[in-house]
Amino acid sequence: GTTYEFFVNGSSQQSGASTTYSTSTLSDGDVVTVGITNAAGCSVLSSGISTTVHPVPVLSLVSNDADNSICAGTSVRFTATPSGIAIYRFRVNGGIVQTGGSNTYETTTLADGDFVDVEVETAAGCVVTSATITMNVDAKPNVALAGTDIVQCNDDTFTMAANAAVAGTTGTWSVVTGSATITSINSPTTSVTDVALGSQVELRWTISNGVCASESDVVLLTNQTPPTAADAGTDRDICGVSVSLNANSPGPGETGQWSFAPGGNTDGFGVISDTGSRTSLFTGTAGVTYDLRWTISKTGCTASTDDVSITFGGTIPASNAGPDQLNNLCGVTVATLAGNNASPGTGTWTIESGGAGSFGNINVSNTTFTGTAGNTYVLKWTISNGICTDTEDEVTIRFNLAPSPAVAGVDITQCDNSTFAIAATNPAVGTGVWTKIGVGPGTITNPNSFSTTVTGVTAGSSTTLRWT
């Protein structure tokens, strides 16, 4: 049979019956020939084929993330070296995603486990594929919502209401300030216990995953002490139509509020001036009883209430019995009184001293009073009105007796004697007094004595005297 022997640069590479020779080790400029020997031993050597071998680039692919671990949605850049090759074909999971002369590829859409490589083709048509890069892509945490702040009253156990972490991420509770026990730190709806009475605890709900930036939110838990027990004050009967209320003070963090108890604004005219003031002014109608309620509130707690009844008894004027009547009543036994108007109350006259007497109408302020001549009376004008304290005033009334008739005696004529003894009537009622009429001479020794003397009446003169 015929034998074929292939030579590269004169060096035998393959000998046998095969008419083909394959190799991947040729270098640029190598000459390939073949020698043929038939069964008769005749041999012939072919002309040589001079080969041109283009160099294959040494290809590498890297990303701008050192460990090829990113958060979903993060931009990552892949760079192939060397640069300057005619065609770069970037592939994700074997599918071409970019073709052209750029040796870089940038994307934000990779998923966990995606593998990236690049295939290059030189101008001479040589094709080389890089090693693959497998990406670790962590799911991005969703926005954390720890829930609204919770205020409870005298209850140390709280139930949380955070949002759930999306698939692939983890939510975790932690204590920021205060002291508490978290039952299940990874449950958005965990219970939290041991929040001390009167304290606050701040918790943080954090959603995280791998290399991604975590999301967090905080919530405040408050375990309130119960509110101060409300005390609206004692029930009161008031003379007047207004009163300052007197409830107790709310404690820190508490508010006090006045209102009417159900049905307590009896006539609809009760007015609380400042419902937020424990000492607010309250006004109403005379003769009406009102029921008011004082409420002390504290966030998260049941309010404390207390009721008080206020009864308005109306108003009462100050009593004025009028001016004393001491010198204007002479020879009479009836006086007209001058007390003030008792409205809206009732006035009553009474005799305090002086003996028996009578009133025209004891309830009329300007009634008449009848007494006994010569007596001095003390009368009282008392004004009353329901629950109000009476007001009273006194007036003195004196019924003066009419004076005795004045009798000066008979005229006296003397001879050469300048001293006269006069003898008027001694007054049974009243006081007598001697006075001179005109400019006659003489001096009255004791003007108030009914039997005084008069001296200094000169001879030949006369003097006129009056006994009053």
Side-chain angles (χ1 to χ4, degrees), residues 318-342 347-383 391-468:
S319 175
N320 184 347
D324 292 340
Q325 300 183 49
L326 301 177
N327 299 313
N328 60 319
L329 302 173
C330 184
V332 298
T333 57
V334 178
T336 299
L337 304 179
N340 63 324
N341 190 340
T348 303
W349 286 106
T350 55
I351 300 173
E352 295 299 301
S353 65
S358 63
F359 297 94
N361 186 330
I362 63 171
N363 299 123
V364 174
S365 62
N366 59 350
T367 190
T368 58
F369 174 69
T370 302
T372 301
N375 285 8
T376 299
Y377 295 87
V378 176
L379 308 180
K380 181 183 291 183
W381 178 236
T382 302
I383 299 177
T391 63
E392 55 189 37
D393 189 34
E394 294 179 346
V395 62
T396 299
I397 304 295
R398 183 166 62 204
F399 292 117
N400 296 291
L401 293 172
S404 300
V407 178
V410 297
D411 294 341
I412 303 172
T413 300
Q414 295 180 168
C415 183
D416 195 22
N417 184 357
S418 64
T419 299
F420 290 76
I422 54 179
T425 56
N426 188 8
V429 177
T431 301
V433 62
W434 288 106
T435 56
K436 288 170 57 177
I437 299 175
V439 293
T443 300
I444 302 169
T445 304
N446 186 350
N448 296 116
S449 172
F450 70 95
S451 59
T452 188
T453 59
V454 178
T455 62
V457 180
T458 58
S461 66
S462 66
T463 296
T464 302
L465 303 178
R466 176 175 289 162
W467 177 239
T468 303

**Asked** What pairs of residues pass the ring pair (Phe, Tyr, Trp, His ring centres under 6.0 Å) test when at least one of them lies in residues 406-429, not counting sequence neighbours?
**Response** none
Listing, residues 356-366 side-chain donor-acceptor contacts under 3.5 Å, not counting sequence neighbours, or none:
residue : atom : partner : partner atom : Å
Asn361  : OD1  : Asn363  : N            : 3.0
Asn363  : ND2  : Gly347  : O            : 2.8
Asn363  : ND2  : Thr348  : OG1          : 3.2

**Prompt:** Got a sec, which residues hit side chain to side chain contact (heavy atoms under 4.5 Å, CB included) with Ala373, two or more places apart in sequence or on another chain?
**Reply:** Thr333, Leu401
**Message:** Tell me which pairs pass salt bridge (charged side-chain N to carboxylate O under 4.0 Å, His left out) where either residue lies in residues 348-358, with sequence neighbours left out.
**Reply:** Glu352-Lys380
**Prompt:** Is there a donor-acceptor contact under 3.5 Å from the side chain of Asp324 to the main chain of Val395?
**Reply:** no
**Message:** If I take atom CZ from residue Phe450 and atom CG from residue Asn426, how far apart are they, to the nearest 0.5 angstrom?
**Reply:** 4.0 Å
**Request:** Check salt bridge (Lys or Arg N to Asp or Glu O under 4.0 Å) between Glu394 and all other residues, then give those that pass, not counting sequence neighbours.
**Result:** none
**Request:** Go through the structure and list residues passing side chain to side chain contact (heavy atoms under 4.5 Å, CB included) with Asn341, not counting sequence neighbours.
**Result:** Ser343
**Asked** When you look at Ile351 and Leu379, which way does the side chain to side chain contact (heavy atoms under 4.5 Å, CB included) test go after all the steps?
**Response** CA-CA 5 Å; Ile351 300 173; Leu379 308 180; 3.8 Å; yes
**Asked** Taking only residues at least two apart or on different chains, which pairs with a member in residues 455-468 satisfy side-chain hydrogen bond (donor to acceptor under 3.5 Å, both in side chains)?
**Response** Thr458-Ser461
**Complete:** Heavy atoms of Ser404 and Pro427 approach each other most closely as OG-C, 3.7 Å
**Item:** salt bridge (charged side-chain N to carboxylate O under 4.0 Å, His left out): pairs with one or both residues in residues 327-342, sequence neighbours excluded
**Value:** none
**Request:** Sequence neighbours left out, what passes side chain to side chain donor-acceptor pair (under 3.5 Å) with Asn375? Give chain and number order.
**Result:** Tyr377
Can you list, pair by pair, the side-chain donor-acceptor contacts under 3.5 Å of residues 433-442, counting residues two or more places apart and other chains?
residue : atom : partner : partner atom : Å
Trp434  : NE1  : Ser449  : O            : 2.7
Lys436  : NZ   : Gly440  : O            : 2.7
Lys436  : NZ   : Gly442  : O            : 3.1

**Item:** Flag, side chain of Thr453 to backbone of Thr445, donor-acceptor distance under 3.5 Å
**Value:** no
Report all side-chain donor-acceptor pairs from residues 325-332 shorter than 3.5 Å, counting only partners two or more places apart or in another chain.
residue : atom : partner : partner atom : Å
Gln325  : OE1  : Asn328  : ND2          : 3.4
Gln325  : NE2  : Thr336  : O            : 3.0
Asn327  : OD1  : Arg398  : NH2          : 2.9

Distance-only check: which donor-acceptor pairs under 3.5 Å involve side-chain atoms of residues 410-418, not counting sequence neighbours?
residue : atom : partner : partner atom : Å
Gln414  : NE2  : Asn417  : O            : 3.1
Gln414  : NE2  : Thr419  : O            : 3.0
Asn417  : OD1  : Thr419  : N            : 3.2

**Request:** For a side chain to side chain donor-acceptor pair (under 3.5 Å) with Trp381, tell me which candidate from Asn320, Thr391, Asn340, Asp393 qualifies.
**Result:** Asn340
